[in-house]
Amino acid sequence: EVQLVESGGGLVQTGGSLRLSCAASGFTFNEFAIGWFRQAPGKEREGVSFINGDGRTYYPDAVKGRFTISSSNANNTWYLQLNSLKPEDTAVYYCAAAVVLIYGFLGDYTSDDFDYWGQGTQVTVSS
């Protein structure tokens with residue numbers, strides 16, 4: 001059974017940093033993509049970072065230069081480093097895995113492309 005478990009969320013002041021973790025288990029896929037999404041109250045879920053099996057990454061303009069996705073292959077864990085946080089970054093953050101990859105522009109990934117999801121971790125940025 002595939003499981004994704006996020007951790008690392010919390011309350012931070014504007015300008016602060018957090019590192020989110022996504023621990024994966026039960027993976028038997030040769031290649032997959034990992035995505036980080038967030039959903040704020042009353043808003044649609046949006047992707048904030050993707051990493052493909054070939055190591056390419058994508059960030060939307062809203063987080064580019066502030067968020068960084070990385071991985072530790074040794075323990076099947078993915079990370080999302082959040083720097084220079086703003087109140088508008090407040091949301092529940094989810095990691096997800098896709099087994100059918102996009103090989104072109106990674107910004108074309110949507111939540112519908114991802115098959116497995118974690119339970120989410122809350123990030124709250126105070127002003």
Side-chain angles (χ1 to χ4, degrees):
E1 179 186 3
V2 174
Q3 282 193 322
L4 300 172
V5 180
E6 301 98 333
S7 61
L11 173 63
V12 65
Q13 291 185 332
T14 296
S17 298
L18 286 171
R19 189 175 80 157
L20 308 183
S21 299
C22 173
S25 62
F27 271 42
T28 59
F29 316 113
N30 290 330
E31 192 176 37
F32 51 88
I34 293 293
W36 283 95
F37 293 80
R38 67 185 180 187
Q39 188 164 22
K43 294 188 176 182
E44 291 188 357
R45 188 171 295 186
E46 62 173 344
V48 295
S49 182
F50 305 121
I51 185 165
N52 236 21
D54 58 7
R56 290 187 299 133
T57 59
Y58 167 80
Y59 306 92
D61 288 344
V63 306
K64 191 178 296 183
R66 300 189 299 121
F67 291 8
T68 304
I69 191 170
S70 62
S71 66
S72 171
N73 292 332
N75 57 4
N76 260 9
T77 301
W78 284 263
Y79 305 98
L80 186 67
Q81 180 69 40
L82 316 178
N83 295 331
S84 302
L85 282 163
K86 306 174 182 179
E88 52 264 43
D89 295 318
T90 295
V92 178
Y93 284 69
Y94 301 88
C95 70
V99 298
V100 178
L101 274 61
I102 290 176
Y103 290 99
F105 177 54
L106 298 191
D108 288 337
Y109 274 125
T110 71
S111 58
D112 290 340
D113 295 313
F114 288 79
D115 308 284
Y116 303 97
W117 292 82
Q119 82 289 351
T121 185
Q122 176 71 46
V123 171
T124 303
V125 184
S126 63
S127 57

Q.
If the condition is side-chain contact (heavy atoms from CB on, under 4.5 Å), which residues does Ser127 pass it with, not counting sequence neighbours?
A.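 With neighbours one apart ignored, the set is Thr14, Pro87.
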Open item on the list: Is it the case that the side chain of Arg19 and the backbone of Gly9 share a donor-acceptor pair, with hydrogens and angles ignored and the cut-off at 3.5 Å?
Closed with: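 Checking the backbone N and O of Gly9 against the side chain of Arg19, no donor-acceptor pair under 3.5 Å is found.
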So does Gln39 get a backbone contact from the side chain of Glu46, meaning a donor-acceptor N/O pair under 3.5 Å?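 It does not hold such a pair.
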_Suppose clustering is done on Ile, Leu, Val, Met, Phe, Trp and Tyr with side-chain heavy atoms closer than 4.5 Å. Which residues sit in the same group as Leu106?_
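Same cluster as Leu106: Phe37, Phe50, Tyr58, Val92, Tyr94, Leu101, Ile102, Tyr103, Phe105, Tyr109, Phe114, Trp117.
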Once salt bridge (charged side-chain N to carboxylate O under 4.0 Å, His left out) is applied, what residue pairs with a partner in residues 89-115 remain, sequence neighbours excluded?
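Output for this query lists Arg38-Asp89, Arg66-Asp89.
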* **ILVMFWY cluster, Val123 and Leu11 together (side-chain gap under 4.5 Å)** =>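 In one cluster: no.
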Worksheet entry | Transitive ILVMFWY side-chain link Ile69 to Phe27, under 4.5 Å |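 Yes, Ile69 and Phe27 fall within the same hydrophobic cluster.
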Applying side-chain hydrogen bond (donor to acceptor under 3.5 Å, both in side chains), can you list everything that pairs with Gln81, at least two apart in sequence or on another chain?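 For Gln81, the residues satisfying side-chain hydrogen bond (donor to acceptor under 3.5 Å, both in side chains) (neighbours in sequence not counted) are Asn83.
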**Prompt:** Who passes side-chain hydrogen bond (donor to acceptor under 3.5 Å, both in side chains) against Thr124, sequence neighbours left out?
**Reply:**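 Listed in chain order: Gln122.
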Could you pull out the closest heavy-atom pair between [X] and [Y], with the gap in Å?
X	Y	answer
Ala40	Thr90	CB-O, 3.6 Å
Gly47	Pro60	O-CG, 3.4 Å
Val48	Val63	O-CG2, 3.3 Å
Asn52	Ala33	OD1-CB, 3.3 Å

request  = Look up atom CD in Glu6 and atom SG in Cys95, then write down how far apart they are to the nearest 0.5 Å.
outcome  =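 Answer rounded to 0.5 Å: 4.0 Å.
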**Request:** Provide the full list of ring pair (Phe, Tyr, Trp, His ring centres under 6.0 Å) pairs with a residue in residues 59-91, sequence neighbours left out, each pair given once.
**Result:**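 Residue pairs passing ring pair (Phe, Tyr, Trp, His ring centres under 6.0 Å), neighbours aside: Phe32-Trp78.
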*Given the rule in the side-chain contact (heavy atoms from CB on, under 4.5 Å) test, do Ile51 and Trp36 qualify, once you have shown the distances and angles that lead to the verdict?*
CA-CA 9 Å; Ile51 185 165; Trp36 283 95; over 6 Å; no
